[in-house]
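For reference, the structure is listed below as structure tokens.
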Amino acid sequence: MVIERFQSLDNGFRLFDWYHMSWLMLTAIVIFILYKIYSQVGLEKRRKIRVIWALVILMLECIKNLVLVGQDAFWYGSLPFHLCGLGIFIVLAHALLKGNSMDMLLYCLTMPGAFMSLLTPDWTDVSAFNYLHFHSFLFHLLLFAYPVTMLKAKELQLSIRKMWQPIVFLCVTVPFVYVLNVVWGTNFMFVNKAAEGTPLMLLEQYLGEQYYIIGFIGLVIIFWIILLLPIIICKKRQY
């Protein structure tokens with residue numbers, strides 16, 4: 001029975017099956033361990049951990065692309081223009097730069113983007129014994145763990161007044177990505193159409209391809225409202 005379960009993973013997995021839930025549980029455990037390590041060191045060591053963490057995430061992306069090149073499977077869609085791909089550079093900038101200019105980008109873009117990728121992955125049809133399958137889980141796990149750890153360590157200065165940062169970021173990147181999708185036939189950020197096998201398909205089914213992007217924007221706004229509520233509540237408690 002157990003052997004058959006593992007053999008079935010050669011065809012991928014299903015959302016929230018035992019295998020998917022195992023990865024989600026592993027994510028929670030890794031975040032707990034990373035936070036414990038991070039919270040028990042001084043400021044200088046914390047900075048080193050952030051830089052190493054960011055470089056590991058970048059390295060994973062580079063290795064993935066090298067594997068694709070070796071398999072003659074690299075194409076435009078392999079470039080890091082998804083929200084999580086751009087999250088690599090947001091994390092790297094946060095780790096290297098002083099100040100808190102990346103805090104709201106981490107909180108409102110990288111964290112929810114990586115969370116949704118783990119919760120509703122679009123690589124369910126990829127064999128669990130394939131390197132790209134393992135990479136996808138590990139990459140998004142570390143990407144999600146970074147802002148969560150920074151948040152738990154109280155190192156993110158969050159403010160509703162800084163909401164202009166993620167808004168401007170999306171206003172600049174989304175039109176650029178949309179054009180790339182049209183020219184290259186890609187689907188970066190899933191702005192042109194829904195990702196197969198994800199709940200975004202429901203938006204496309206109910207709204208149609210023409211109005212899908214409107215529903216997607218509405219979904220992002222709902223996510224942001226949920227994320228901003230704790231900030232508002234904490235702010236009121238201070239007064």
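Scope of the values below: all heavy atoms of this structure, side chains included, with no hydrogens, waters or symmetry mates.
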What is the distance from atom [atom1] of [X] to atom [atom2] of [Y], rounded to the nearest 0.5 Å?
X: Y212; Y: L202; atom1: OH; atom2: CG; answer: 11.0 Å
X: L92; Y: M102; atom1: CG; atom2: CE; answer: 10.5 Å
X: N192; Y: I213; atom1: CG; atom2: CD1; answer: 7.5 Å

Do [X] and [Y] sit in the same hydrophobic cluster, where Ile, Leu, Val, Met, Phe, Trp and Tyr count as joined when their side-chain heavy atoms come under 4.5 Å apart?
X: I214; Y: I225; answer: yes
X: Y131; Y: L66; answer: no
X: M25; Y: L142; answer: no

inquiry  = Show the nearest heavy-atom pair for residues L227 and C108, with the distance to one decimal.
reply    =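 That would be CD1-CA, 4.1 Å.
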request  = Apply ring-ring contact (aromatic ring centres under 6.0 Å, His included) to W224 and list each qualifying residue two or more places apart in sequence or on a separate chain.
outcome  =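 Here no residue qualifies.
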task = Could I get the full list of ring-ring contact (aromatic ring centres under 6.0 Å, His included) partners for F89, not counting sequence neighbours?
result =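 F89 satisfies ring-ring contact (aromatic ring centres under 6.0 Å, His included) with no other residue.
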task = State yes or no: are the ring centers of F144 and H140 separated by less than 6.0 Å?
result =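 Between F144 and H140, the centre distance exceeds or equals 6.0 Å.
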message = Could you walk me through whether F137 and T27 satisfy the side-chain contact (heavy atoms from CB on, under 4.5 Å) test, starting with their C-alpha distance in whole Å, then the side-chain angles of each, then the deciding distance to 0.1 Å, before giving a yes or no?
response = CA-CA 9 Å; F137 269 120; T27 299; over 6 Å; no
message = Between E61 and K64 (salt bridge meaning N to carboxylate O under 4.0 Å), is one present in this structure?
response =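 K64 and E61: salt-bridged.
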For residues 167-177, please give each side-chain donor-acceptor pair under 3.5 Å, one per line with the distance, not counting sequence neighbours.
residue : atom : partner : partner atom : Å
T173    : OG1  : F169    : O            : 2.8

Just distance, no hydrogens or angles: give the donor-acceptor pairs under 3.5 Å from side chains in residues 110-125, sequence neighbours left out.
residue : atom : partner : partner atom : Å
S117    : OG   : G113    : O            : 3.1
T120    : OG1  : M116    : O            : 2.8

query = Pairs in or reaching into residues 62-82: which pass ring-ring contact (aromatic ring centres under 6.0 Å, His included), with residues at least two apart or in two chains?
reply =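 Checked against ring-ring contact (aromatic ring centres under 6.0 Å, His included) - neighbours excluded - the pairs reaching residues 62-82 are Y76-W184, F81-F188, H82-F188, H82-F190.
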ask   = Side chains of N65 and S78: do they bring a donor and an acceptor to under 3.5 Å?
value =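 No pair is found: no donor N or O on one side chain lies under 3.5 Å from an acceptor on the other.
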Test item: H94 and D103 side chains (from C-beta on) under 4.5 Å apart, heavy atoms =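 Yes, close enough: below the 4.5 Å cut-off.
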request  = May I ask you to test the I231-Y107 pair for a side-chain heavy-atom distance under 4.5 Å?
outcome  =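 Touching, per the 4.5 Å side-chain cut-off.
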request  = For the residue pair F13 and H133, categorise the inter-ring angle as parallel (less than 30°), tilted (30 to 60°) or perpendicular (more than 60°).
outcome  =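 F13 vs H133 ring planes: perpendicular.
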Count the heavy atoms of every other residue, nucleotide or ligand shown that sit under 6.0 Å from [atom1] of [X], and state whether that count exceeds 12.
X: K193; atom1: NZ; result: no
X: M59; atom1: CE; result: yes
X: L43; atom1: CG; result: no
X: F32; atom1: CZ; result: no

task = Take K48 and V51 through the side-chain contact (heavy atoms from CB on, under 4.5 Å) test and state the conclusion after the steps.
result = CA-CA 5 Å; K48 289 180 180 179; V51 172; 5.8 Å; no
Candidate pair F139 and I88, rule side-chain contact (heavy atoms from CB on, under 4.5 Å), full reasoning = CA-CA 10 Å; F139 170 81; I88 298 170; 3.6 Å; yes
request  = Take L200 and L219, measure what side-chain contact (heavy atoms from CB on, under 4.5 Å) needs, and give me the verdict at the end.
outcome  = CA-CA 10 Å; L200 291 177; L219 191 62; 3.9 Å; yes
Just distance, no hydrogens or angles: give the donor-acceptor pairs under 3.5 Å from side chains in residues 153-160, sequence neighbours left out.
residue : atom : partner : partner atom : Å
E155    : OE1  : Y38     : OH           : 2.6
E155    : OE1  : R50     : NH1          : 3.3
E155    : OE2  : Y38     : OH           : 3.2
E155    : OE2  : R46     : NH1          : 2.6
Q157    : NE2  : N100    : OD1          : 3.3
S159    : OG   : R161    : N            : 3.2

